[in-house]
Amino acid sequence: MQLIDAQDLEAARKLARRYWDTFERDPRRGRVGAGASPLIIVDAEALAITLPRVLHDLLGGPGAELSIYGFGKSYGLAAADHFRTWALAEGASEASSGTGALFWPMHIGLTPRIAILEGHLEPHPLLLVEIAPGALSEVRSSRALDTRPTRMFLSGLVSGALSRRFGASLEARELPGGEASHRVAVAPAGELAGDLEDPRLTAPAEAVAGVLIVEA
């Protein structure tokens, strides 16, 4: 079973481009507008450097990481709901409306590409997702800082968007790897520990059939 239909993905890509083309930007006020919904522009350095530092000072390392992941997931859920409402009002199909938020991170510079490498929907959703580094990782790398906070944020964002897409509460767990593209396993919280034992999760990308590439 294909996780996301290729035609729905292409329709969602076009929808996402149309959505971002409607933006009215006013960086001096820190705001943008898409249709009737106002959104806030957040400086990349504030999100990549200041937020993790403040959370670390307040909560310690583990608490900061959980908060950043939770913030990313909340953002992913909100983005998916916002985009679906906009897309349905534009006459889009339910499938493409639900998939379009996967393109959100590309259009705001968080990552240039997300690849869904492997997965299944039965007996429960399981997705192996590879996320390429983007603007937030570049900001931290330029300061000789590790990129884990930005990887946690993106992992949360992707889990939120995929939760809405598949109508299930999903969590993401980062797999061991380098500072470049990182892989996360996405599944229901109660199933995730067992799923992490699946050897397919560490297979090279070229060994995986039916890869879905999400890029703007």
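These figures come from a predicted structure and were not determined experimentally.
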- [ ] Check the hydrophobic clustering (I, L, V, M, F, W, Y; side-chain heavy atoms under 4.5 Å; chains of links allowed) and say if Leu192 and Leu128 are grouped together.
- [x] no

Open item on the list: Once rounded to the nearest 0.5 Å, what's the spacing between atom OG of Ser97 and atom CZ of Arg164?
Closed with: 14.5 Å

Open item on the list: As a test of understanding, state which of Arg183, Arg151, His182 forms a side-chain hydrogen bond (donor to acceptor under 3.5 Å, both in side chains) with Glu174.
Closed with: Arg151

Open item on the list: Under a 3.5 Å cutoff, is there a donor and acceptor pairing between the side chains of Ser137 and Thr150?
Closed with: yes

Open item on the list: Taking the basic N atoms (NZ, or NE/NH1/NH2) and the acidic carboxylate oxygens, is any pair closer than 4.0 Å for Arg17 and Asp21?
Closed with: yes

TODO: Could you state whether Phe166 and Leu212 fall into the same hydrophobic cluster, counting links through intermediate Ile, Leu, Val, Met, Phe, Trp or Tyr residues with side-chain heavy atoms under 4.5 angstrom apart?
DONE: yes

- [ ] Could you tell me whether the side chain of Lys73 and the main chain of Leu170 form a donor-acceptor pair under 3.5 Å?
- [x] yes

Task: Backbone of Trp86 reached by a side-chain donor or acceptor of His82 within 3.5 Å - done: no

Open item on the list: To the nearest 0.5 Å, what is the distance between NE2 on His120 and CG on Leu126?
Closed with: 4.0 Å

Open item on the list: Quick check for you: to the nearest 0.5 Å, what is the distance between Leu47 atom CG and Leu136 atom CG?
Closed with: 5.0 Å

Task: Ile49 side chain near Arg140 side chain, heavy-atom distance below 4.5 Å - done: yes

Open item on the list: Do Tyr19 and Glu90 pair up side chain to side chain, a donor and an acceptor below 3.5 Å, judged on atom types alone?
Closed with: no

Open item on the list: Whether the side chain of Tyr69 engages the backbone of Leu154 through a donor-acceptor N/O pair (distance < 3.5 Å, no angle test) should be reported.
Closed with: no

TODO: Quick one: pull up OG1 in Thr147 and CE in Met152 and give me the separation to the nearest 0.5 Å.
DONE: 12.0 Å

Open item on the list: Tell me whether the count of non-hydrogen atoms from other residues, nucleotides or ligands lying under 6.0 Å of CD in Glu10 goes above 12.
Closed with: yes

Task: Between CD1 on residue Ile4 and CD1 on residue Ile116, distance to nearest 0.5 Å - done: 4.0 Å

- [ ] Go through Arg13 and Glu215 one step at a time and tell me if the salt bridge (Lys or Arg N to Asp or Glu O under 4.0 Å) criterion holds.
- [x] CA-CA 8 Å; Arg13 185 195 315 276; Glu215 58 185 355; 5.6 Å; no

Open item on the list: Looking at Ile213, is its backbone amide N or carbonyl O close enough to the side chain of Arg113 to form a donor-acceptor pair, meaning the two atoms are under 3.5 Å apart?
Closed with: no

Open item on the list: Assigning hydrophobic clusters by single linkage (Ile, Leu, Val, Met, Phe, Trp, Tyr; side-chain heavy-atom cutoff under 4.5 Å), is Leu121 placed with Leu102?
Closed with: yes

Open item on the list: I'd like to check Leu59 versus Pro62 (side-chain heavy atoms, cut-off strictly below 4.5 Å). Are they in contact?
Closed with: no

Open item on the list: Going by ring pair (Phe, Tyr, Trp, His ring centres under 6.0 Å), name the residues that satisfy it together with Phe153, two or more places apart in sequence or in a different chain.
Closed with: Phe71

Open item on the list: Hydrophobic clustering (ILVMFWY, side-chain heavy atoms < 4.5 Å, transitive) - are Val184 and Leu77 grouped together?
Closed with: no

Open item on the list: With rounding to the nearest 0.5 angstrom, report the OG1 to CG distance, Thr85 to Asp81.
Closed with: 6.5 Å

- [ ] Compute whether any side-chain donor of one residue and acceptor of the other, for Ser96 and Thr99, lie under 3.5 angstrom apart.
- [x] no

Open item on the list: Tell me whether Ile108 shares a hydrophobic cluster with Leu15, the cluster being built from Ile, Leu, Val, Met, Phe, Trp, Tyr side chains joined at under 4.5 Å.
Closed with: yes

- [ ] Inspect the contact between Arg143 and Glu138 and indicate whether a charged nitrogen and a carboxylate oxygen are less than 4.0 angstrom apart.
- [x] no

- [ ] For residues Trp20 and Phe103, determine if any side-chain heavy atom of one lies less than 4.5 Å from a side-chain heavy atom of the other.
- [x] no

